[in-house]
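Each remark here refers to the structure printed beneath this line.
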Amino acid sequence: METFTTRNGQWLTVRPLTEDDAPLLVDLFRRLSPNSRYQRFHIPMEHVSDETIWQGASDMAHVDQINQVALIALLASDEGEQVAIAVARAHRQPGGTEAEAAIVVRDDFQSQGVGRQMLGYLVNAAVAVGITTFKGYIQADNHQMLHLLQTIGLQYTQHIEHAEAYVLIQLHEVPAKGSAGAVPPRR
């Protein structure tokens, strides 16, 4: 479990995603704007049934942390409950070294350094299980994610295909930034 502070001073805890986190994923999905949903899933997701949302969250929460590496960033609410702020995940074929990766950050926490932190933690978790490359499609107008790739310090190649950028990112361990060694305030 790791902690870091956002640019506006909020403490987040990052830990591996577990199957018990499905309700947190449902809440996170519901708090995403239509644009953030589209950037993450590459299809319009405005009129999705509750059943579909719960099934998707349950499926996403079942990870083995070897072939499907997933992390969740949590904020402790004023009531002491955990609220999901971001999820970062990578999925590879068993035994493979390339993984598809994705990150989603709640809209009200975007541009606060959360995506960068989550990408760094995801890279380190992936490297630890033998993943050497992230691959995937990014919407060509997803300027935040494309900027994030430039700032993380990893070597990558990018090819534009239709309205998407296909990206291959070579992985190596990423030094932690932010609140390393700091102790979060008690609630």
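All values derive from a computational prediction rather than experimental measurement.
- Separation of atoms OG (Ser58) and CG (Asp21) is listed at 11.5 Å; rounding is to 0.5 Å.
- The shortest heavy-atom contact between Ala61 and Ala22 is CB-N, 4.0 Å.
- Put simply, CZ on Arg7 and CZ on Phe109 are 13.5 Å apart, with the number rounded to the nearest 0.5 Å.
- Taking all atoms of both residues into account, the shortest heavy-atom contact from Gln68 to Val63 is O-CB, 3.4 Å.
- Nearest approach of Leu17 to Met60, heavy atoms of both residues: CD2-O, 3.4 Å.
- With hydrogens and angles ignored, the 3.5 Å screen pairs a side-chain donor or acceptor of Thr6 with a backbone N or O of Gln10.
- Using a 4.5 Å cut-off on side-chain heavy atoms (C-beta onward), Gln155 and Ile169 make no contact.
- Between Pro16 and Ile72, the closest heavy-atom pair is O-CG2, 4.4 Å.
- Counting heavy atoms from C-beta outward, Val114 and Leu12 have side chains that approach closer than 4.5 Å.
- Nearest approach of Leu24 to Gln82, heavy atoms of both residues: CD2-O, 3.2 Å.
- Two residues are said to be in side-chain contact when any heavy atoms from C-beta on lie closer than 4.5 Å; Val14 and Met118 meet this criterion.
- When side chains are defined from C-beta on, Phe134 does not count as touching Val167, because their heavy atoms never get closer than 4.5 Å.
- Asp108 is linked by a salt bridge (Lys or Arg N to Asp or Glu O under 4.0 Å) to Arg106, counting only residues two or more places apart in sequence or in another chain.
- Taking 4.5 Å as the limit, every side-chain heavy atom of Phe4 sits out of range of all side-chain heavy atoms of Trp11.
- There is no side-chain donor-acceptor pair under 3.5 Å between Asp20 and Thr18.
- With sequence neighbours excluded, no residue forms a salt bridge (Lys or Arg N to Asp or Glu O under 4.0 Å) with Asp59.
- Between Leu122 and Ala101, the shortest heavy-atom distance links the atoms CD2-CB, 4.3 Å.
- With hydrogens and angles ignored, the 3.5 Å screen pairs a side-chain donor or acceptor of Asp64 with a backbone N or O of Asn67.
- In this structure, the side chains of Leu28 and Ile85 stay at 4.5 Å or more apart for every pair of heavy atoms.
- No donor-acceptor distance shorter than 3.5 angstrom exists from the side chain of Glu81 to the backbone of Leu75, with no hydrogens or angles considered.
- Every residue meeting the side-chain contact (heavy atoms from CB on, under 4.5 Å) condition with Glu100, not counting sequence neighbours, appears here in chain and number order: Lys135.
- Here the straight-line distance linking atom CG of Leu119 with atom CG of Leu71 works out to 10.5 Å at 0.5 Å rounding.
- Under the 4.5 Å side-chain criterion, counting only non-hydrogen atoms from C-beta, Ile66 is in contact with Arg92.
- Between the side chain of Arg15 and the main chain of Ala73, no donor-acceptor pair closer than 3.5 Å is present.
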Open item on the list: One pair to check against side-chain contact (heavy atoms from CB on, under 4.5 Å): Val69 and Val129. What are the steps and the verdict?
Closed with: CA-CA 9 Å; Val69 179; Val129 296; 3.9 Å; yes
Task: Residue pair Ile131, Glu98: steps toward the side-chain contact (heavy atoms from CB on, under 4.5 Å) verdict - done: CA-CA 6 Å; Ile131 296 171; Glu98 288 187 347; over 6 Å; no
